Chemist: 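The structure's right below; bear with me while I get my questions together.
Predicted, not measured: the structure shown is a model, and the values here were computed from it.
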Amino acid sequence: MKVSKAQVTENRLAILQAAARLYRERGFTGVGVADITREAGLTHGGLYRHFESKDALAAEASEYAFKWELSELDPPGADADADACRTLRTGVENYLSPRHRDSVGQGCPVAALAADAARETGAIADAFAQGIGRYMALFAQRRPDGTEAEQIEPEDRVRAISMLSTMVGGLILSRATARGLPALSDEILATLRHHLAATWDLDGR
């Protein structure tokens, strides 16, 4: 039976979504082709009709994962168009939250896969480097006073690198301690939320 173009597109997206989630949960080496196709509801051989190799899939799944945005962490019922959802303060609070810590497969690809990506080469490494670069640029554009920079200045880059590095590192540590020392895990998140808000005057004081 011939598969329609719409179905081909749908199947390909299902594979990307499954791979992006599973890679974040288990790492690049912890996921097999069978795991991905089963999660996507397709046959094992179906994957290679869409991607020439597992590495090609991993690279494209990484690019797909970088479409993740902080707004996806907004609480249910929040107005995604509200100004508050676009502030640095809200971004920091959402990122360094128990909800994000506990949602590895649906969260930031950097915190979930940066260590894995550092061991990769070729298209996977390139996808991660480009994705992190875009995150840095977008974060640099957001200023603590609630405005968006028309032109990114050196101090904007310094702030973005400092804040994102702190946030990613903090999230990784909170996940590493969540089962063994849950109180410490919560303390790490709360401490860094306060530290970043005070350091960069995110309250607008």
Chemist: Kindly indicate whether the side chain of L196, heavy atoms from C-beta on, has any atom under 4.5 Å from the side chain of L96.
Modeler: yes

Chemist: Taking only residues two or more places apart in sequence or in another chain, which ones pass side chain to side chain donor-acceptor pair (under 3.5 Å) with R157?
Modeler: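 Not a single residue meets the side chain to side chain donor-acceptor pair (under 3.5 Å) criterion with R157.
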
Chemist: Indicate, with yes or no, if I132 and V168 share a hydrophobic cluster defined by side-chain heavy-atom contacts under 4.5 Å among Ile, Leu, Val, Met, Phe, Trp and Tyr.
Modeler: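 Linked, V168 and I132 end up in one cluster.
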
Chemist: Of all the heavy-atom pairs spanning I15 and L57, show the shortest one and how long it is.
Modeler: CG2-CD1, 3.8 Å

Chemist: Are the side chains of P98 and L189 in touch, meaning some heavy atoms are under 4.5 Å apart?
Modeler: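 Yes; the side chains approach each other to less than 4.5 Å.
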
Chemist: Do any pairs count as a salt bridge (charged side-chain N to carboxylate O under 4.0 Å, His left out) and have a residue in residues 39-57, sequence neighbours left out, and if so which ones?
Modeler: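 Qualifying pairs, neighbours excluded: R21-E39.
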
Chemist: Below 4.5 Å, heavy atoms only, C-beta onward: do N11 and H50 meet side chain to side chain?
Modeler: yes

Chemist: Are the side chains of I124 and Y23 in touch, meaning some heavy atoms are under 4.5 Å apart?
Modeler: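 No, side chains not in contact.
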
Chemist: Tell me whether V33 shares a hydrophobic cluster with F51, the cluster being built from Ile, Leu, Val, Met, Phe, Trp, Tyr side chains joined at under 4.5 Å.
Modeler: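 Linked within one cluster.
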
Chemist: Does some side-chain heavy atom of R193 sit less than 4.5 Å from a side-chain heavy atom of L202?
Modeler: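 No, every pair of side-chain atoms sits at 4.5 Å or beyond.
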
Chemist: Find the distance between CG (L42) and OG1 (T37) and round it off to the nearest 0.5 Å.
Modeler: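 Answer for the CG-OG1 pair, L42 versus T37, is 7.0 Å.
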
Chemist: Which pairs would a plain distance check flag for residues 112-122, meaning a side-chain donor or acceptor within less than 3.5 Å of a matching protein atom at least two apart in sequence or in another chain?
Modeler:
{"residue": "D116", "atom": "OD2", "partner": "F28", "partner atom": "N", "Å": "2.9"}
{"residue": "R119", "atom": "NH1", "partner": "A115", "partner atom": "O", "Å": "3.3"}

Chemist: State, with a plain yes or no, whether a side-chain heavy atom of T87 is found less than 4.5 Å away from one of T90.
Modeler: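 Yes - at least one pair of side-chain heavy atoms lies under 4.5 Å apart.
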
Chemist: Does any non-hydrogen side-chain atom of E153 lie less than 4.5 Å from one of Q151?
Modeler: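 With C-beta onward as the side chain, the pair touches.
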
Chemist: Can you list everything that forms a side chain to side chain donor-acceptor pair (under 3.5 Å) with R159? Sequence neighbours excluded, please.
Modeler: D156

Chemist: In terms of hydrophobic clusters joined by side-chain contacts under 4.5 Å, are V92 and L138 together?
Modeler: no

Chemist: Under 6.0 Å between ring centres, would you say that holds for W200 and H194?
Modeler: no

Chemist: Test of understanding: with side chain to side chain contact (heavy atoms under 4.5 Å, CB included), list the residues that count as partners of A65, not counting sequence neighbours.
Modeler: A20, R24, P109

Chemist: Applying side chain to side chain donor-acceptor pair (under 3.5 Å), can you list everything that pairs with R175, at least two apart in sequence or on another chain?
Modeler: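 Once residues adjacent in sequence are excluded, R175 has no partner under the side chain to side chain donor-acceptor pair (under 3.5 Å) criterion.
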
Chemist: Any ion pair linking E60 and R12 (charged N to carboxylate O, less than 4.0 Å)?
Modeler: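 Between E60 and R12 there is a salt bridge, with a charged N closer than 4.0 Å to a carboxylate O.
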
Chemist: Minimum heavy-atom separation for A14 to A40, with atom names?
Modeler: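 Looking at all heavy atoms of both residues, the shortest contact is O-CB, 3.7 Å.
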
Chemist: Among all residues two or more places apart in sequence or in another chain, which pass the salt bridge (charged side-chain N to carboxylate O under 4.0 Å, His left out) test with E93?
Modeler: R89

Chemist: Could you list all the salt bridge (charged side-chain N to carboxylate O under 4.0 Å, His left out) pairs where at least one residue sits in residues 180-191, not counting sequence neighbours?
Modeler: R101-D186

Chemist: Is there a path of hydrophobic side-chain contacts, each under 4.5 Å between heavy atoms of I/L/V/M/F/W/Y residues, joining L181 to I188?
Modeler: yes

Chemist: Got a sec, which residues hit side chain to side chain contact (heavy atoms under 4.5 Å, CB included) with A129, two or more places apart in sequence or on another chain?
Modeler: none

Chemist: Could you give the distance from CE (M136) to CE (M163), rounded to the nearest 0.5 Å?
Modeler: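 Going from the CE atom of M136 to the CE atom of M163 covers 11.5 Å.
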
Chemist: Residues two or more places apart in sequence or in another chain: which of them pass side chain to side chain donor-acceptor pair (under 3.5 Å) with Q17?
Modeler: Y64

Chemist: Output yes when R99 and D102 qualify as a salt bridge under the 4.0 Å nitrogen-oxygen rule, no when they do not.
Modeler: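 Not counted as a salt bridge, because no side-chain N and carboxylate O are separated by less than 4.0 Å.
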
Chemist: Which residues satisfy the ring pair (Phe, Tyr, Trp, His ring centres under 6.0 Å) test with Y135, sequence neighbours excluded?
Modeler: F66

Chemist: List the steps, then state whether side-chain contact (heavy atoms from CB on, under 4.5 Å) holds for L184 with L173.
Modeler: CA-CA 9 Å; L184 175 59; L173 291 178; over 6 Å; no

Chemist: Could you list all the salt bridge (charged side-chain N to carboxylate O under 4.0 Å, His left out) pairs where at least one residue sits in residues 124-134, not counting sequence neighbours?
Modeler: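 Qualifying pairs: none.
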
Chemist: What distance separates T177 OG1 from I172 CD1, expressed to the nearest 0.5 Å?
Modeler: 12.0 Å

Chemist: Is it possible for you to say whether I161 and F139 belong to one hydrophobic cluster, with membership spreading through side-chain heavy-atom contacts below 4.5 Å?
Modeler: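 I161 clusters together with F139.
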
